[in-house]
Amino acid sequence: MERKFLIIRFSSIGDIVFTTPVIRCLRKQYPDAEIHFLTKPENKIIIEGNPYLNKILLLQESLFKTISMLREEKYDAVIDLHHNLRTYIIKALLLRPCYSVEKLNWEKFLMVNFHYDTLPKNLHVFERNLATVAPLGVKNDGEGMDYFIAQKHEVAVENYGLHAGNYIAWVVGAKHFTKILPIEKVQDTIALFQQHFPDKQIVLLGGKEDVDFGGEVHRTFSKNVHNFCGKFNLSQSVSILSKSTLVIAGDTGLLHIAVALGKPVVSLWGSTIPEFGVFPRYGKSKAQPHAIIEINNLACRPCTKFGKSACPQKHFMCMKSIDAMQIVNAIHDILKQG
């Protein structure tokens with residue numbers, strides 16, 4: 001008998017990427033099922049190329065209009081991977097069997113506010129998502145996360161003087177200030193990088209809000225540095241990232257997409273920590289060398305589970321203390337392995 005499932009995750013980029021193993025493994029368990037995904041309109045681009053989905057539904061301005069739309073679908077089960085007040089209302093009014101993710105909010109609260117660590121060790125968010133659908137007989141296939149770039153978003157990097165496999169992608173932006181490496185650290189790192197890798201090019205990636213940041217870095221290092229901040233949409237940026245040798249990024253959606261694509265990464269951690277379950281976790285067929293760079297001995301870290309608009313302590317030592325040479329050494333070690 002064919003079954004019909006609804007998966008819910010409204011935001012954000014990384015969290016939607018963390019749902020992709022559920023989509024794929026659910027499809028393997030129920031190859032003839034209809035699998036629908038409900039998200040915010042601005043996040044449709046993240047999953048529009050996913051071949052395991054039958055339909056993408058978009059959250060309406062009115063929650064009850066959304067619920068009315070969902071009722072018409074007559075789902076067999078709802079898989080709630082967001083688990084907030086809105087999804088509670090949706091589940092309550094749909095009156096269908098529901099499976100809801102355990103978000104570990106209490107454990108994160110204790111870690112952020114009291115630095116009391118009760119977080120599960122070495123357990124990724126996507127594995128918690130998969131545990132949500134275990135009662136449906138869905139098993140982890142070990143292949144990690146997915147990202148599928150729709151053909152319309154593919155970018156020919158050759159048109160920009162780049163050669164696939166011969167440049168590093170640096171994601172300089174993030175949604176929250178406390179996840180962004182200060183510009184002087186980026187500049188120091190690029191100066192050292194160019195001494196060690198004079199023939200390697202660097203592509204700066206970010207959104208429209210990062211245009212000035214990328215522009216200032218590019219003005220300092222016009223040779224072999226390309227500023228693509230604000231020039232491409234998300235999936236186009238992913239297309240550029242996918243053709244790189246290595247990716248440098250903070251705790252951002254593009255970091256987790258890079259891991260999903262099987263790219264080596266150097267991840268930079270400020271106000272958040274990998275132990276929240278967002279560390280690089282590759283699928284068994286995509287395993288790559290990677291580096292985690294963070295300042296471990298700060299009493300104020302972590303200060304948030306999401307990121308903040310400013311450092312609560314005013315010193316921002318979690319990012320300012322990262323050593324540029326440490327980043328370059330991490331790049332060197334990864335390229336040597338590659």
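Nothing here was measured: the structure is a model prediction, and the numbers come from that model.
Atom CG of Leu59 is separated from atom OG1 of Thr66 by 4.5 Å, given to the nearest 0.5 angstrom. Summarising the geometry, atom CD1 belonging to Ile322 is positioned 8.5 Å from atom CD belonging to Glu294; distances are rounded to the nearest 0.5 Å.
Of the possible polar contacts, none joining the Thr252 side chain to the Ala174 backbone as a donor-acceptor pair under 3.5 Å is found. When atom types are taken as modelled, the side chain of Lys286 and the backbone of Gly144 share no donor-acceptor pair closer than 3.5 angstrom. Checking side-chain atoms of His153 against main-chain N and O of Gln236 turns up no donor-acceptor pair under 3.5 Å. At distances below 3.5 Å, not a single donor-acceptor pair connects side-chain atoms of Lys305 with backbone N or O atoms of Phe109. A donor-acceptor pair is defined here as one N or O able to donate and one able to accept, closer than 3.5 Å; such a pair exists between the side chain of His315 and the backbone of Met317. Looking only at distances, a side-chain donor or acceptor of Tyr282 sits under 3.5 Å from a matching main-chain atom of Lys263. Remark: the backbone N or O of Lys65 is paired with a side-chain donor or acceptor of Ser62 at under 3.5 angstrom. A donor-acceptor contact shorter than 3.5 Å is absent between the side chain of Ser271 and the backbone of Cys303. With Asp210 contributing its side chain and Gly207 its backbone, the two residues share a donor-acceptor pair below 3.5 Å. When atom types are taken as modelled, the side chain of Lys200 and the backbone of His196 share no donor-acceptor pair closer than 3.5 angstrom.
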request  = In sequence, state the C-alpha distance, the side-chain angles, and the governing distance for Ser235 and Lys152, and then conclude on side chain to side chain donor-acceptor pair (under 3.5 Å).
outcome  = CA-CA 9 Å; Ser235 277; Lys152 64 183 178 181; over 6 Å; no

task = Show the numbers, then the answer: is there a side chain to side chain contact (heavy atoms under 4.5 Å, CB included) between Arg9 and Phe18?
result = CA-CA 10 Å; Arg9 181 72 217 193; Phe18 297 156; over 6 Å; no

task = Please test Val217 against Val172 for side chain to side chain contact (heavy atoms under 4.5 Å, CB included), starting from the C-alpha separation and ending with a verdict.
result = CA-CA 10 Å; Val217 173; Val172 296; 5.8 Å; no

message = Does Ser11 form a side chain to side chain contact (heavy atoms under 4.5 Å, CB included) with His82? I'd like the steps, not just the answer.
response = CA-CA 8 Å; Ser11 61; His82 202 113; 3.8 Å; yes

ask   = Between Asp80 and Thr87, does a side chain to side chain donor-acceptor pair (under 3.5 Å) hold up when you go through it step by step?
value = CA-CA 7 Å; Asp80 179 9; Thr87 64; 2.7 Å; yes

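Note on Ile257: it does not cluster hydrophobically with Leu204, by side-chain heavy-atom contacts below 4.5 Å among ILVMFWY residues. Both Met145 and Leu81 belong to a single network of hydrophobic side chains, linked directly or stepwise wherever heavy atoms of I, L, V, M, F, W or Y lie under 4.5 Å apart. No continuous path of ILVMFWY side-chain contacts below 4.5 Å connects Val78 to Val133, so the two sit in separate hydrophobic clusters. Transitive grouping of hydrophobic side chains (ILVMFWY, heavy atoms separated by less than 4.5 Å) brings Leu298 and Leu181 into a common cluster. Both Leu26 and Val101 are assigned to one and the same hydrophobic cluster, defined by single-linkage of ILVMFWY side chains at heavy-atom distances under 4.5 Å.
Atom CG of Asp212 has 12 or fewer neighbouring heavy atoms from other residues, nucleotides or ligands inside a 6.0 Å radius. Heavy-atom contacts from other residues, nucleotides or ligands closer than 6.0 Å to NZ of Lys44 number 12 or fewer. When the shell of 6.0 Å around CZ of Phe306 is examined, it contains 12 or fewer heavy atoms from other residues, nucleotides or ligands.
A cation-pi geometry, defined here as NZ or CZ lying under 6.0 Å from the six-membered ring centre and within 45° of its normal, holds between Arg86 and Phe10.
The aromatic rings of His332 and Phe197 lie tilted to each other, with the angle between the two planes from 30° to 60°. Using bins of under 30°, 30° to 60° and over 60° for the plane-to-plane angle, the ring pair His36/Tyr75 lands in the perpendicular bin.
The existence of a salt bridge linking Arg27 and Asp32 is excluded, since no basic side-chain nitrogen approaches an acidic carboxylate oxygen closer than 4.0 Å. Of the charged side-chain nitrogens involved, none lies within less than 4.0 Å of a carboxylate oxygen, so that Lys4 and Asp76 do not count as a salt-bridged pair. The residues Lys243 and Glu154 are annotated as salt-bridged, a charged nitrogen and a carboxylate oxygen being separated by less than 4.0 angstrom. Residues Lys55 and Glu73 are paired through a salt bridge, judged by an N-O separation under 4.0 Å between the basic side chain and the carboxylate. In summary, Glu184 and Lys320 do not engage in a salt bridge, as defined by a charged side-chain N under 4.0 Å from a carboxylate O.
Of the N and O atoms on the side chains of His256 and Asp251, at least one donor lies less than 3.5 Å from an acceptor on the other residue.
Here the closest heavy-atom approach between residue Phe5 and residue Leu136 is recorded as CE2-CD1, 4.1 Å. Residues Phe228 and Leu162 come closest through the heavy atom pair CE1-CD1, 3.9 Å. Residues Leu38 and Met69 share a closest heavy-atom pair of CD1-CE, 4.5 Å. Taking all atoms of both residues into account, the shortest heavy-atom contact from Gly173 to Ile180 is C-CG1, 4.2 Å. Nearest approach of Thr20 to Val17, heavy atoms of both residues: OG1-O, 2.7 Å. Across Phe276 and Thr304, no two heavy atoms sit closer than the pair CE1-O, 3.4 Å.
You'll find the side chain of Tyr116 stays beyond 4.5 Å of the side chain of Met111, heavy atoms only. Annotation: side chain of His83 is not in contact with side chain of Glu102 (no heavy-atom distance under 4.5 Å).
Checking each of Ile248, Ile190, Thr189, Val186 against Ile202 for a side-chain contact (heavy atoms from CB on, under 4.5 Å) leaves exactly one that passes, namely Ile190. Each of Val259, Leu234, Val247 was scored for a side-chain contact (heavy atoms from CB on, under 4.5 Å) with Leu254, with one residue passing: Leu234.
Among residues at least two apart or in separate chains, side chain to side chain donor-acceptor pair (under 3.5 Å) pairs with a member in residues 118-140 are Asp117-Lys121, Asn122-Arg281, Glu127-Arg281.
By the side chain to side chain donor-acceptor pair (under 3.5 Å) test, Lys40 is found to be paired with no residue, residues two or more places apart in sequence or in another chain being considered.
Checked against the 6.0 Å centroid criterion, the rings of His226 and Tyr160 do not qualify as a close aromatic pair.
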